[in-house]
S.K.: 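One structure coming up, written as structure tokens, with questions to follow.
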Amino acid sequence: MFRPLDEALMKLLASLNDDDWQKPTPAKHWNVKDVAAHLLDGNLRTLSIQRDGYFGEAPPPIKAYEDLVGWLNQLNADWVKASKRLSPNVLRILHQATGPLTSAYYESLDPWDEAIFAVDWAGETKSYNWMHLAREYTEKWHHQQQIREAVGQPGIMTRAFFFPLMATYFMALPHTFRNITAPEGTLVTAAVSGQVGGEWHLERQNSSWVLVDKLGRVPDAAVEIAPELAWKLFSKNIRPDDVKDRLSVEGDKLLAAQVLQMVSVMA
């Protein structure tokens, strides 16, 4: 899915006028040009660090998850600030050069080899490449969607593009519930409505939470959220208070509310 997603991005960037590049996005402090620059940084870092094994600068001492997030946020901010010097046309050219190279690198990986980076937001200390690539897909998807929403262009809110995003995001659900206790067999269902969405089921088993196929019974808690809210919520573009009155909730409200705390990005 990386090549068609990047092809959609290139068509999107080519369609933008001068005013579009300056429009605000759901990424809060970043406008369209900033988000496009951040996506470019993702390509450049993938090629340099992951493909070529060149790390450039060592991270500071990382003692907690918050330290890692803080360092990554600073790297992102430094790049976006520096990219203010680049014209939109230069950004497009650099995307054209690096997008296919990045996709080719991803395609070269064995899905079952150990990934260079663990997917921390899913609670993993070691990840396989299939999960790492799924995480990389979500990054490319949600930042492109930020641009699309800012300029009012549809295109990737389709089953083919959107469902893999949600399927990956919900890999974080067991980690989100790690500190929640409940009786054995407690079942929580989270649903994203419409043809582009789906359902995910979390069950309490052996004092842990695991994703399961639906068990054919009424869940103890269920929450349904619209697709246009789900991607923003789980990528921390909006927070639970922003959507609490726009949900369908049944059963145990505390368990349902915990679903809304899921964050499937490094934030």
Side-chain angles (χ1 to χ4, degrees), residues 24-30 35 38 64-70 72-73 76 119-124 134-135 137-139 141-150 156-157 161-183 186-204 208-212 214 218-267:
T25 72
K28 296 172 183 174
H29 301 300
W30 287 354
V35 175
H38 177 64
Y65 179 79
E66 291 74 20
D67 296 333
L68 178 59
V69 171
L72 292 175
N73 285 342
N76 293 337
V119 183
D120 300 79
W121 50 254
E124 297 187 350
R135 180 256 311 276
Y137 177 84
T138 67
E139 281 289 303
W141 189 97
H142 97 261
H143 287 305
Q144 184 177 154
Q145 183 61 23
Q146 288 172 335
I147 296 175
R148 288 183 177 278
E149 180 156 310
I156 58 173
M157 285 291 292
F161 284 120
F162 184 77
F163 184 79
L165 174 88
M166 286 293 108
T168 304
Y169 275 1
F170 276 102
M171 295 291 286
L173 198 57
H175 186 60
T176 304
F177 274 71
R178 66 192 180 279
N179 295 323
I180 304 298
T181 58
T186 296
L187 183 65
V188 178
T189 293
V192 178
S193 61
Q195 294 182 347
V196 301
E199 288 186 349
W200 290 265
H201 311 282
L202 191 69
E203 187 179 37
R204 185 72 168 173
S208 297
W209 293 96
V210 294
L211 288 168
V212 298
K214 190 170 183 180
V218 176
D220 299 279
V223 58
E224 183 177 77
I225 183 170
E228 61 272 16
L229 298 177
W231 75 266
K232 292 181 189 176
L233 177 65
F234 301 135
S235 61
K236 213 174 179 180
N237 283 227
I238 57 177
R239 301 310 304 130
D241 282 348
D242 299 320
V243 301
K244 64 182 181 181
D245 297 327
R246 303 166 69 183
L247 304 172
S248 172
V249 175
E250 296 179 359
D252 189 312
K253 288 183 170 49
L254 291 179
L255 290 175
Q258 187 63 23
V259 173
L260 308 183
Q261 298 300 320
M262 188 175 76
V263 175
S264 302
V265 294
M266 295 294 288

S.K.: For the residue pair Pro219 and His201, establish whether any side-chain heavy-atom pair is separated by less than 4.5 Å.
M.R.: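 When only atoms from C-beta onward are counted, His201 and Pro219 do not touch, as no gap falls below 4.5 Å.
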S.K.: Answer yes or no: is there a donor N or O on one side and an acceptor on the other, between the side chain of Asp242 and the main chain of Ile238, under 3.5 Å?
M.R.: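 Such a contact is absent between Asp242 side chain and Ile238 backbone.
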S.K.: Can you name the closest pair of heavy atoms from Thr181 and Arg204 and give their distance?
M.R.: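 Nearest heavy atoms, Thr181 then Arg204: CA-NH2, 4.0 Å.
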S.K.: Taking all heavy atoms of Arg135 and all of Val119, pick out the closest pair and write down the distance.
M.R.: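 Of all heavy-atom pairs spanning Arg135 and Val119, the closest is NH1-CA, 3.7 Å.
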S.K.: Phe163 and Trp141: ring-ring contact (aromatic ring centres under 6.0 Å, His included), yes or no, with the steps?
M.R.: CA-CA 11 Å; Phe163 184 79; Trp141 189 97; over 10 Å; no
S.K.: Using the side-chain contact (heavy atoms from CB on, under 4.5 Å) definition, which of the options Gln145, His143, Gln144 pairs with Val35?
M.R.: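 Only one of Gln145, His143, Gln144 forms a side-chain contact (heavy atoms from CB on, under 4.5 Å) with Val35, namely His143.
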S.K.: Aromatic contact between His38 and Trp30, with the criterion being ring centroids under 6.0 Å apart: yes or no?
M.R.: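 Yes.
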S.K.: Sorted by first residue and then second, give each salt bridge (Lys or Arg N to Asp or Glu O under 4.0 Å) pair with at least one member in residues 221-237; sequence neighbours left out.
M.R.: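 Output for this query lists Glu149-Lys232.
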S.K.: Could you give me the CA-CA distance, side-chain angles and deciding distance for Thr176 and Val259, then say whether side-chain contact (heavy atoms from CB on, under 4.5 Å) is met?
M.R.: CA-CA 7 Å; Thr176 304; Val259 173; over 6 Å; no
S.K.: Taking Ala182's backbone N and O only, do any of them form a donor-acceptor pair with Thr186's side chain (distance below 3.5 Å, no angle check)?
M.R.: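 Absent.
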S.K.: Taking all non-hydrogen atoms of both residues into account, name the closest pair between Met262 and Leu173 and its distance.
M.R.: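 Taking Met262 first and Leu173 second, the nearest heavy atoms are SD-N, 3.6 Å.
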S.K.: Looking at Asp241 and Arg239, would you say the former's side chain and the latter's main chain have a donor-acceptor pair under 3.5 Å?
M.R.: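 Checking the backbone N and O of Arg239 against the side chain of Asp241, no donor-acceptor pair under 3.5 Å is found.
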S.K.: Find out whether Lys28 and Asn237 are in side-chain contact, i.e. whether some heavy atom of one side chain is under 4.5 Å from a heavy atom of the other.
M.R.: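 The answer is no, as the side chains (C-beta and beyond) never meet within the 4.5 Å cut-off.
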S.K.: Between Leu260 and Val223, is there a side-chain heavy-atom distance shorter than 4.5 Å?
M.R.: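 Result yes, sub-4.5 Å side-chain heavy-atom pair found.
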S.K.: Answer yes or no: are there more than 12 heavy-atom neighbours, outside Gln261 itself, under 6.0 Å from its atom CD?
M.R.: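 For Gln261, atom CD is crowded (more than 12 foreign heavy atoms under 6.0 Å).
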S.K.: Taking the side chain as everything from C-beta on, heavy atoms only, tell me whether Asp120 gets closer than 4.5 Å to Tyr65.
M.R.: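 In contact.
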S.K.: Verify side-chain contact (heavy atoms from CB on, under 4.5 Å) between Leu233 and Ile225, making sure each step is shown before the conclusion.
M.R.: CA-CA 10 Å; Leu233 177 65; Ile225 183 170; 3.7 Å; yes
S.K.: Could you walk me through whether Ile156 and Phe162 pass the side-chain contact (heavy atoms from CB on, under 4.5 Å) check?
M.R.: CA-CA 7 Å; Ile156 58 173; Phe162 184 77; over 6 Å; no
S.K.: Tell me if a side-chain donor or acceptor on Trp209 pairs with a main-chain N or O of Ile180 at a distance below 3.5 Å.
M.R.: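 Checked: pair present.
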S.K.: Kindly determine whether Phe177 and Val188 satisfy side-chain contact (heavy atoms from CB on, under 4.5 Å), including the steps that lead there.
M.R.: CA-CA 10 Å; Phe177 274 71; Val188 178; 4.2 Å; yes
S.K.: Using side-chain contact (heavy atoms from CB on, under 4.5 Å) as the criterion, point out the one residue from Phe170, Trp231, Tyr169 that pairs with Val192.
M.R.: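 The single option meeting the side-chain contact (heavy atoms from CB on, under 4.5 Å) with Val192 is Phe170.
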S.K.: Testing the 3.5 Å rule here: is there a donor-acceptor pair between the side chains of Ser235 and His142?
M.R.: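 Per modelled atom types, Ser235 and His142 side chains form no pair under 3.5 Å.
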S.K.: To the nearest 0.5 Å, what is the distance between CZ (Phe234) and OG (Ser264)?
M.R.: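 Result: 7.0 Å between the selected atoms.
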S.K.: Show the nearest heavy-atom pair for residues Ala226 and Ser193, with the distance to one decimal.
M.R.: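 What the structure gives for the nearest pair is CA-OG, 3.4 Å.
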S.K.: Mark yes or no for whether Arg178, through its side chain, and His175, through its backbone, hold a donor-acceptor pair below 3.5 Å.
M.R.: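 Yes; judged by distance alone, with no hydrogens or angles, the pair exists.
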S.K.: Ignoring hydrogens, what is the shortest heavy-atom contact between Ala150 and Pro24? Give both atom names and the distance.
M.R.: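 Reported closest heavy-atom pair: CB-O, 3.2 Å.
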S.K.: Would you check if the side chain of Tyr137 reaches a backbone N or O of Phe161 as a donor-acceptor pair within less than 3.5 Å?
M.R.: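 Yes, the answer is positive, given that a donor and an acceptor are paired below the 3.5 Å cut-off.
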S.K.: With distance as the sole test, does Asp220 use its side chain to make a donor-acceptor pair with the main-chain N or O of Leu187 at under 3.5 Å?
M.R.: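 Checked: pair present.
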